[in-house]
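This report concerns only the one structure given below.
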Amino acid sequence: MQKETWGTKFGFITAAAGSAIGLANIWRFPYVVGQNGGGAFLIVYFAFLLLISFPLLVAEVSLGRHGKSSPPGAFASVARRKVFWRGCGKLSILTGFLISSFYGVIAGWVIGYLWQAIIGHVVHLDTSTKAAAYFDHLIHNPSWSIGFQAIFVALSALVLVGGVRRGIEWVSRWLIPLLFLILIILIIQGFSHIEKGQLNFLFSMDFSKLTGAGVLIALGQAFFTLSLGQGTMITYGSYLSKKTNIVASCAMVVLFDTVAALLSVFAIFSIAGVSQASKAAGSGLIFSLLPVAFSSLPGGYFFSVLFFLLVAIAALTSQISAMEPFICYLQEKGWKRKAAVMLCALLCFLVGLPSALSFAYGWAFYDIISFFSLNILVPLGSLIVAIIIGWVWKSRRALEEIEQGANHPKLEKKGLYIYFKLTWKFIAIALILLVFIENIYPV
């Protein structure tokens, strides 16, 4: 198989940022910031980005570029026990695939609500009771849920058939700037009617309002925000040129993701109100609270369409990244790109069906598969990466790979060697174990 590559460094950055900027940035981050001390929470969150997220992102991208392969081949390229490590790589592909199966269901709701916004139904939901009842009515309708799930998965497949440059990169280079533009428009609209000083708590540093549970929430948010542990960034790294500066590129990805999350906080708090947005997360925020806000806003129809377009973009760029590792693996096994995409999309839809039907018939399948994937498999995948890069491949060899594309070689002279070595070998592993404990036995 002739390995595809990114056309430009910006293409990789927007694709990786698109993977990271997902539903969690929009429907969970504002809630946890509002519930856990505002600015104090953000400071702790930024610290965890530096201690776990950024170094693990660099590790995954470096492994991918070194091995020029999906996770199984990338792991085997730096280890002696190749059969074992290939198995670990296949586990990370499975993780991404399982996430894409139930993520496609939720993203299907987003596409469905984008259509509801276009035809003007969203702005008629002027009370929380109406909005919640309307949402429940839709997701309990199997044909509605499955229909939009199918549309979303088909849309994702359409992008992926184009390949790395003409599919993932081309779409990301257009959609990610559009996402930021929509966020800015929504913020301007929100700030036009928000009360003065209402967002001051975001800039205060009152750590007395940040509990131990809040610190663990910041750790979890930082850990999950960059699509780590599911094979995505390893696969995306495999398409990188040796001339690419990995550290600088990954820093830009983290910056894009962080700015998008912060802009989401400003947009949602200014539109829905701080007190209301701080009480709602997940589907309750997106599908029950915000429609009420748009129903009372001047130009609410226009802004409701913009908002659900924003969420749809975030969902699409995340979905294609979760599906790509499996597609890349199939190509390495001799499959043509189109056939690999069709198989992945079909399996993604079929495995996602029980998740879609869980809401209509009260099944527990969605809860089980999402908990197992996000709370067990993702931390396990990241733990494997930290172990393989810090203890199997060794930090110095990993830094040699990174230095190939650095503008100024010899990273150890800049202090980055010590930073990466400590985080890969000790700090990241300790924090991932904390994430495991928090996921299984929440405070």
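If you're wondering where the values come from, they're calculated on a predicted model, not measured in any experiment.
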Classify the ring geometry between F420 and W424 as parallel (under 30°), tilted (30 to 60°) or perpendicular (over 60°). parallel
Nearest heavy-atom neighbours spanning F256 and A17: CB-CB, 3.7 Å
How long is the gap from CG on L431 to OG on S53, to the nearest 0.5 Å? 9.5 Å
With a 4.5 Å cut-off on side-chain heavy atoms, are L186 and F266 touching? no
Sub-4.5 Å side-chain heavy-atom contact between L377 and L98: yes
Spacing of T258 atom OG1 and L263 atom CG [to the nearest 0.5 Å]: 10.5 Å
Rounded to the nearest 0.5 Å, how far does OH of Y329 lie from NZ of K90? 4.0 Å
Using a 3.5 Å distance criterion without hydrogens, assess whether the side chain of Q149 forms a donor-acceptor pair with backbone atoms of F349. yes
Looking only at side-chain N and O atoms, does R65 offer a donor or acceptor that is under 3.5 Å from a partner on S241? no
Could you walk me through whether M252 and L255 pass the side chain to side chain contact (heavy atoms under 4.5 Å, CB included) test, one step at a time? CA-CA 5 Å; M252 288 300 298; L255 179 63; 4.2 Å; yes
Would you check if the side chain of Y113 reaches a backbone N or O of V122 as a donor-acceptor pair within less than 3.5 Å? no
Are I271 and F307 close enough that some pair of their side-chain heavy atoms sits under 4.5 Å apart? no
Taking all atoms of both residues into account, what is the closest heavy-atom pair of E60 and S382, and its distance? OE2-OG, 4.5 Å
Ignoring hydrogens and angles, state whether a donor on the side chain of T8 or E169 is under 3.5 Å from an acceptor on the partner side chain. yes
Does Y31 form a side chain to side chain contact (heavy atoms under 4.5 Å, CB included) with I268? I'd like the steps, not just the answer. CA-CA 10 Å; Y31 167 78; I268 289 174; over 6 Å; no
Within the distance-only criterion (no hydrogens, no angle test), does the side chain of R165 pair as donor or acceptor with the backbone N or O of T5 below 3.5 angstrom? yes
Would you call the rings of F359 and Y366 parallel, tilted or perpendicular, taking 30° and 60° as the class edges? tilted
Flag if over 12 foreign heavy atoms under 6.0 Å of NZ, K82: yes
By side-chain hydrogen bond (donor to acceptor under 3.5 Å, both in side chains), T95 pairs with (sequence neighbours left out) none
With side chain to side chain contact (heavy atoms under 4.5 Å, CB included) as the criterion, how do R397 and V78 come out once you've worked through the C-alpha distance, each side chain's angles and the decisive distance to 0.1 Å? CA-CA 9 Å; R397 293 175 185 169; V78 299; over 6 Å; no
Looking at every heavy atom in both A74 and L63, which two are closest together, and how far apart are they? CB-O, 3.6 Å
Measure from the side-chain N and O atoms of S19 to the backbone N and O of S321, and report whether any donor-acceptor pair falls under 3.5 Å. no
I want to check something: taking the side chain as every heavy atom from C-beta on, are F436 and I432 in contact at a cut-off of under 4.5 Å? yes
Quick check: do V341 and F326 have side-chain heavy atoms less than 4.5 Å from each other? no
Are the side chain of S373 and the backbone of S370 linked by a donor-acceptor contact shorter than 3.5 Å? no
Step through the shown structure and confirm whether more than 12 heavy atoms of other residues, nucleotides or ligands are within 6.0 Å of NZ on K242. yes
For the backbone of T235 and the side chain of S238, can you confirm whether one donor and one acceptor N or O come within less than 3.5 Å of each other? yes
Please report whether the ring centroid of Y236 lies less than 6.0 Å from that of W6. yes
Ring centres under 6.0 angstrom apart (Y239, F12): no
Pairwise side-chain contact, D367 with F371, heavy-atom cut-off 4.5 Å (strictly under): no
Do the ring planes of F135 and W109 sit parallel (below 30°), tilted (30 to 60°) or perpendicular (above 60°)? perpendicular
To the closest 0.5 Å, what do you measure between NZ (K336) and CD (Q331)? 10.0 Å
Nearest heavy-atom approach of I21 to N25 is CA-OD1, 3.7 Å
Let me confirm one number: the CZ-CG distance from F41 to L210, rounded to the nearest 0.5 Å. 8.0 Å
Where R86 and G73 come nearest, the two heavy atoms and their spacing: NH1-CA, 3.9 Å
Side-chain (E4) to main-chain (V164) donor-acceptor, under 3.5 angstrom: yes
Quick one: do F75 and W393 satisfy ring-ring contact (aromatic ring centres under 6.0 Å, His included)? Show the steps, please. CA-CA 9 Å; F75 286 176; W393 191 17; over 10 Å; no
CD of E401 to CG of L399, rounded to nearest 0.5 Å, is 10.5 Å
I'd like to know if the side chain of R396 reaches the main chain of K421, judged simply by a donor and an acceptor atom lying under 3.5 Å from each other, with no hydrogens or angles considered. no
Would you indicate whether the side-chain heavy atoms of V110 and F152 approach each other to under 4.5 Å? no
Evaluate the side chain to side chain contact (heavy atoms under 4.5 Å, CB included) criterion for residues I217 and R28: first the C-alpha distance (whole Å), next the side-chain angles of each, then the deciding distance (0.1 Å), finally the verdict. CA-CA 11 Å; I217 291 171; R28 185 172 187 270; 4.0 Å; yes
Distance-minimising heavy-atom pair for P325 and S70: O-CB, 4.2 Å
Heavy atoms of other groups near W115 CH2, more than 12 under 6.0 Å: no
Would you say the rings of F365 and F102 are close, in the sense that their centroids are separated by under 6.0 Å? no
When you compare the side chain of I369 with that of F372, does any pair of heavy atoms fall below 4.5 Å? no
Worked verdict on E332 versus K3 for salt bridge (Lys or Arg N to Asp or Glu O under 4.0 Å): CA-CA 9 Å; E332 291 168 356; K3 192 73 175 179; 3.6 Å; yes
